[in-house]
Student: 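Just passing along the structure, written as C-alpha cells.
Small disclaimer: the values here were computed from a predicted structure and weren't measured.
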Amino acid sequence: RLGEVSTVYGNKRHLQEDLRRSAGDTNHIERQAVNYPVQGVCADNLKKVITLVRESGILTRTGAVFLAPIYDECVFSCRHENAVEMILVVHEIMTRDIPGIPVPMLATVSLGHNFGDQREIGAFPTPELINSTIEKVFSCQTHP
C-alpha cells in the first residue's frame with residue numbers, strides 16, 4: 001500500500017520502482033514485501049551484534065579474530081585457552097530480544113575445525129561444557 005516495508009529497527013525496503021515496472025505481475029514484489037521484515041531484521045540484528053562485540057573489547061582481550069558474518073551467525077577463531085571467555089561474552093551479546101517480537105533470540109554455540117564439521121554446544125554454554133567440547137573436537141588435531 002505504501003510502496004515500502006520496514007523492519008522493527010526501522011530499515012526500509014522501497015518497492016515503488018518495482019511496482020511501477022511490474023506490468024501487473026507483482027508476485028515477486030509481494031514475496032519481497034513479506035520476506036524483508038524477517039530477513040531484514042536478522043541483518044539488522046547481526047549489525048548490532050558486530051558493533052557490540054567490537055565495543056566489548058573481547059577480540060582484543062582474547063586475541064580472537066572475527067572471520068565472517070554468515071546470515072545470522074558470527075564465525076570466530078581464537079586460541080583454546082581464550083575460548084571460554086570469548087564464547088561466553090559473544091554468546092551473551094548474541095542472546096538478545098528483538099523489539100516487538102515475543103520470541104526470545106537464543107544464540108547457540110558450536111565448535112569445529114571447519115564449517116562442515118561442527119559440534120553443537122547449544123543455547124546454554126558453560127565453561128565446563130565449552131572446555132569438554134574443545135577437548136573432544138580438537139584433541140586429535142596435530143600442531144606444528
Side-chain angles (χ1 to χ4, degrees), residues 1-22 26-141 143-144:
R1 186 172 50 97
L2 299 174
E4 65 185 31
V5 291
S6 62
T7 69
V8 295
Y9 288 106
N11 286 325
K12 295 184 188 305
R13 170 79 165 94
H14 298 280
L15 303 168
Q16 296 97 334
E17 189 61 36
D18 291 340
L19 287 167
R20 281 190 214 102
R21 289 184 292 172
S22 70
T26 59
N27 288 336
H28 69 286
I29 299 168
E30 290 172 13
R31 281 192 303 279
Q32 288 177 8
V34 170
N35 202 26
Y36 182 76
V38 175
Q39 287 190 345
V41 82
C42 289
D44 291 346
N45 187 55
L46 183 58
K47 291 173 199 169
K48 184 70 173 166
V49 163
I50 291 169
T51 299
L52 292 171
V53 166
R54 182 183 50 79
E55 290 174 353
S56 76
I58 191 64
L59 301 179
T60 303
R61 279 197 315 277
T62 62
V65 176
F66 178 61
L67 296 176
I70 301 174
Y71 187 54
D72 61 349
E73 299 176 8
C74 293
V75 181
F76 298 90
S77 177
C78 77
R79 297 185 54 80
H80 298 165
E81 61 267 16
N82 298 327
V84 169
E85 179 186 7
M86 199 275 303
I87 289 170
L88 292 176
V89 169
V90 172
H91 181 264
E92 183 178 346
I93 290 169
M94 291 189 76
T95 300
R96 45 197 327 253
D97 291 334
I98 303 296
I101 297 178
V103 178
M105 179 71 74
L106 295 177
T108 60
V109 176
S110 62
L111 300 173
H113 295 282
N114 56 56
F115 298 123
D117 186 18
Q118 296 282 308
R119 183 173 292 240
E120 282 286 327
I121 291 178
F124 304 100
T126 64
E128 298 78 22
L129 189 53
I130 295 167
N131 282 324
S132 68
T133 305
I134 287 171
E135 181 62 33
K136 290 173 191 164
V137 170
F138 297 103
S139 64
C140 1
Q141 183 175 356
H143 300 283

Student: Is the CD atom of Glu81 crowded by more than 12 outside heavy atoms at less than 6.0 Å?
Tutor: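 Count over threshold, so yes.
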Student: Look at the side chain of Thr95 and the backbone N and O of Glu92, then say whether any donor-acceptor pair between them is shorter than 3.5 Å.
Tutor: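 No.
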Student: Is the ring centre of Phe138 less than 6.0 Å from the ring centre of His113?
Tutor: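 Judged by ring-centre distance (under 6.0 Å), Phe138 and His113 do meet the cut-off.
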Student: Less than 4.5 Å apart, any side-chain heavy atom of Pro104 and any of Asp97?
Tutor: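 Side chain of Pro104 against side chain of Asp97, heavy atoms only: contact under 4.5 Å found.
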Student: Could you check if a side-chain atom of Ile50 sits within less than 4.5 angstrom of a side-chain atom of Phe66, using non-hydrogen atoms only?
Tutor: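 Contact flag for Ile50/Phe66 side chains = yes.
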Student: Just how far is it from atom CG of Leu52 to atom CD1 of Ile93, taken to the nearest 0.5 Å?
Tutor: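 Between atom CG of Leu52 and atom CD1 of Ile93 there are 5.5 Å.
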Student: Distance-only, no hydrogens or angles: does the Glu73 side chain make a donor-acceptor pair with backbone N or O of Pro69 under 3.5 Å?
Tutor: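 Checking the backbone N and O of Pro69 against the side chain of Glu73, no donor-acceptor pair under 3.5 Å is found.
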Student: So which heavy atom on Pro125 is nearest to which on Leu88, and how close?
Tutor: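 That closest heavy-atom pairing would be O-CD2, 3.7 Å.
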Student: State the OG-CG distance between Ser6 and Asn11, to the nearest 0.5 angstrom.
Tutor: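 Ser6 atom OG to Asn11 atom CG measures 8.5 Å (nearest 0.5 Å).
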Student: Would you say the side-chain atoms of His91 pair up with the backbone N or O of Leu106, donor to acceptor, closer than 3.5 Å?
Tutor: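 Checking the backbone N and O of Leu106 against the side chain of His91, no donor-acceptor pair under 3.5 Å is found.
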Student: Identify the two heavy atoms, one from Thr7 and one from Gly40, that lie closest to each other, and give their separation to 0.1 Å.
Tutor: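 Thr7 and Gly40 have their closest heavy atoms at CG2-C, 3.5 Å.
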Student: With heavy-atom distances below 4.5 Å as the criterion, would you say the side chains of Leu111 and Ile87 are in contact?
Tutor: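 In contact.
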Student: Among Val90, Thr62, Ile130, find the residue that satisfies the side chain to side chain contact (heavy atoms under 4.5 Å, CB included) test when tested with Glu85.
Tutor: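 When side chain to side chain contact (heavy atoms under 4.5 Å, CB included) is applied between Glu85 and each of Val90, Thr62, Ile130, only Thr62 qualifies.
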Student: Hey, does the side chain of Arg61 reach the backbone of Ser56 with a donor-acceptor pair shorter than 3.5 angstrom?
Tutor: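 Judged by distance alone, yes, a pair lies under 3.5 Å.
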Student: Work out which heavy atom in Tyr9 is nearest to a heavy atom in Asn45; give both atom names and the distance.
Tutor: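 Nearest pair, atom of Tyr9 first, then Asn45: OH-OD1, 3.7 Å.
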Student: List the steps, then state whether side chain to side chain contact (heavy atoms under 4.5 Å, CB included) holds for Arg54 with Leu59.
Tutor: CA-CA 7 Å; Arg54 182 183 50 79; Leu59 301 179; 5.8 Å; no
Student: For a quick test of reading the model, state the closest non-hydrogen atom pair linking Ala107 to Met94 and the distance between them.
Tutor: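 Closest heavy-atom pair between Ala107 and Met94: CB-CB, 3.6 Å.
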Student: Any chance you could lay out the side chain to side chain contact (heavy atoms under 4.5 Å, CB included) test for Phe115 and Val75, step after step, and finish with the verdict?
Tutor: CA-CA 9 Å; Phe115 298 123; Val75 181; 3.4 Å; yes
Student: Can you name the nearest heavy-atom pair linking Gly112 to Val137, along with the distance?
Tutor: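 Smallest interatomic distance, heavy atoms only, reads CA-CG1, 3.8 Å.
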Student: Roughly how far apart are Arg119 CZ and Lys136 NZ, rounded to 0.5 Å?
Tutor: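 Answer for the CZ-NZ pair, Arg119 versus Lys136, is 5.5 Å.
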Student: So, the side chain of Asn131 versus the backbone of Pro127: is there a donor-acceptor pair under 3.5 Å, distance only?
Tutor: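 Between the backbone of Pro127 and the side chain of Asn131 there is a qualifying donor-acceptor contact (under 3.5 Å).
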Student: For the atom pair CZ (Arg79) and CE (Met86), what is the distance rounded to the nearest 0.5 Å?
Tutor: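 It is 13.5 Å, given to the nearest 0.5 Å.
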Student: For Ser77 versus Leu67, what's the shortest heavy-atom pair and its separation?
Tutor: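 Heavy atoms of Ser77 and Leu67 come nearest at CB-CD1, 3.9 Å.
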